Every structure is written in structure tokens, then in C-alpha cells.
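Please read all numbers here as calculations on a predicted model, not as lab measurements.
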Amino acid sequence: MASSKPRILQDTRDMAWSLIPLVVLCLFIAAIASQCEFKPGGPTAGPVPSFDIDAGLAYDAKELGFPIRHPDVPEDWQPNSGSRNIIAGNQGGDSSTVGFITPAGRYVRFTQSNAGEDELVRFVAGDYRAVTDVRAIEDRDWVVYGGEGVEAIWVSDFGDVRILIGGSGDEAEFTALATAAGKAEPLEP
């Protein structure tokens, strides 16, 4: 009569044979639900969403109590988003933001607000940022907020409105948007 080993002393083959049907069942359910896809080359970028910047900024010019500018960006920049927010704080206010995707695939935001500079930067950055530089572009000073491992934020005071440029763009793209902002006239309400 053969003696059987206690269950704890058996090898992992038993466990493997019991897991194989479970893994096959999970893969079958994921395939049916179309929630699982195998792409050997990795993920691919989808289409860039489209945003009607003319209508969005025209609406903001009518509704908000400060001048709204429509920057004339390069033709190959695609507007992809727009939003309005209320910025809290002692020097809070309203803000209008439009976003662009540059030809290099980077996102650049253009925010206009009647809030104070500190509140605006804190609202966009989510925390305090230190001033790291000042750039003169089109006879206007742009204060650069940055730091280690964070995206740069450029802010300029246009008197009745503060304009903020941010996102993952590079210095040339920020400079192009800052130049366009300096040349843009306020829209009619």
C-alpha cells in the first residue's frame, strides 16, 4: 500500500494545473468585453480633440468682466480645449483657458484672468512656485515660475488682465505664444 504525502509536501504542479483554467477563463472574459488588447509596439496616439477657439473666446469676452485676447498662433497649432474657472483667494477672480497641441505633440495652455498673479500661479500649479527668471518679449516682461521637475509657467501683467502660459511646451513654443499674446488686441464684448 502506497503512502500518500501530506498535502503541504506536494509540489507546485497541482497549483499550476488548477490555475491554468482560471487564467484561460479570465482571458476569455476580457476578450469578450473588449477591455484587453495586445499591442507589441505599445500605445499609439489617438486623434487630437478639436475646439472652436473663436466661439469659445468670443463667448468669454461677452461673459467675463475683463478683456479677452485671441492670440494669433502658428497655423499648425491645433486648439484642443477650453475652460472657464473661478480662482479663490483674496485676489481671486475668473479665468479663461484655451489649450493648443503644437506640431511636436506638446500641450501649451493660454490662461487669461483678472485674478492676482500669486493666486493665478497657485491655481494652475496646484502649489507655490518660485520665480526663476524674467523674459522680455515684445516689450513686455514675462515672469517665469519653475523648479526642479516641474513644467514652467510664464505670467505677464497686461494691466487689467494677467496672462499665463504653461504646459509641456518648450521655450520656443512659449515664446511664440507670448509674442502672439503681446500682439493680440482685446476682443469686443
Side-chain angles (χ1 to χ4, degrees), residues 48-49 51-74 76-189:
V48 175
F51 176 71
D52 185 353
I53 190 171
D54 298 328
L57 290 178
Y59 181 78
D60 287 350
K62 290 178 188 172
E63 296 295 318
L64 298 176
F66 57 88
I68 296 291
R69 289 166 173 78
H70 187 317
D72 187 19
V73 297
D76 52 359
W77 287 30
Q78 184 174 350
N80 77 324
S81 61
S83 65
R84 285 176 39 188
N85 290 294
I86 297 173
I87 300 171
N90 290 338
Q91 293 182 341
D94 294 316
S95 71
S96 168
T97 300
V98 292
F100 301 94
I101 301 296
T102 66
R106 292 186 283 263
Y107 173 77
V108 180
R109 76 181 295 144
F110 181 77
T111 300
Q112 305 174 74
S113 178
N114 60 351
E117 186 171 322
D118 291 339
E119 279 82 359
L120 178 60
V121 170
R122 195 173 302 112
F123 176 77
V124 171
D127 200 1
Y128 172 79
R129 288 275 179 91
V131 174
T132 57
D133 198 3
V134 176
R135 306 278 167 84
I137 300 169
E138 293 292 319
D139 298 326
R140 185 169 300 283
D141 286 338
W142 289 85
V143 179
V144 178
Y145 293 83
E148 185 74 27
V150 297
E151 293 177 342
I153 294 175
W154 293 15
V155 180
S156 186
D157 191 336
F158 281 59
D160 45 7
V161 65
R162 255 78 37 230
I163 293 183
L164 178 145
I165 298 171
S168 61
D170 62 14
E171 186 172 341
E173 291 162 339
F174 277 32
T175 300
L177 189 51
T179 302
K183 293 178 179 178
E185 293 295 323
L187 299 173
E188 292 294 321

Do the side chain of [X] and the main chain of [Y] share a donor and acceptor less than 3.5 angstrom apart?
X      : Y      : answer
Ser96  : Gln112 : no
Asn114 : Asp94  : yes
Ser168 : Tyr107 : yes
Arg162 : Gly159 : yes

Starting at CD of Glu138, measure out to OG1 of Thr175 and round the result to the nearest 0.5 Å.
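Going from the CD atom of Glu138 to the OG1 atom of Thr175 covers 10.5 Å.
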
As an exercise, state the distance from OG1 of Thr179 to CG of Asp72, rounded to the nearest 0.5 Å.
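Here the interatomic distance stands at 11.5 Å.
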
Do the non-hydrogen side-chain atoms of [X] and [Y] ever get within less than 4.5 Å of each other?
X      : Y      : result
Trp142 : Ile165 : yes
Arg129 : Arg122 : no
Val98  : Phe51  : yes
Val121 : Val155 : yes
Asp170 : Glu173 : yes
Tyr145 : Thr132 : no

Write down the atom of Tyr59, the atom of Arg84, and the distance for their closest heavy-atom approach.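 So the minimum-distance heavy-atom pair works out to CE2-NH1, 3.0 Å.
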
Side chain to side chain contact (heavy atoms under 4.5 Å, CB included) between Asn80 and Phe100, intermediate numbers included: CA-CA 6 Å; Asn80 77 324; Phe100 301 94; 5.6 Å; no

Check: Thr97/Thr111 side-chain N/O donor and acceptor closer than 3.5 Å
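A pair is found: one side chain offers a donor N or O, the other an acceptor, under 3.5 Å apart.
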
May I ask you to check whether over 12 heavy atoms, not counting those of [X], lie within 6.0 Å of atom [atom1]?
X      : atom1 : value
Asp127 : CG    : no
Asn90  : CG    : no
Asp54  : CG    : yes

Check: Does the ring of Phe158 carry Arg140 above it, NZ/CZ under 6.0 angstrom from centre and within 45° of its axis?
Finding: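 The answer is yes, since Arg140 meets both limits relative to Phe158.
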
Quiz prompt | Single hit among Leu164, Val73, Ile163 for side-chain contact (heavy atoms from CB on, under 4.5 Å) with Phe110 | solution =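 Exactly one candidate clears the test, Ile163.
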
- Message: Show, in sequence, the C-alpha distance, side-chain angles and deciding distance for Arg135 and Asp133, and conclude whether the side chain to side chain contact (heavy atoms under 4.5 Å, CB included) test is met.
- Response: CA-CA 7 Å; Arg135 306 278 167 84; Asp133 198 3; 2.8 Å; yes

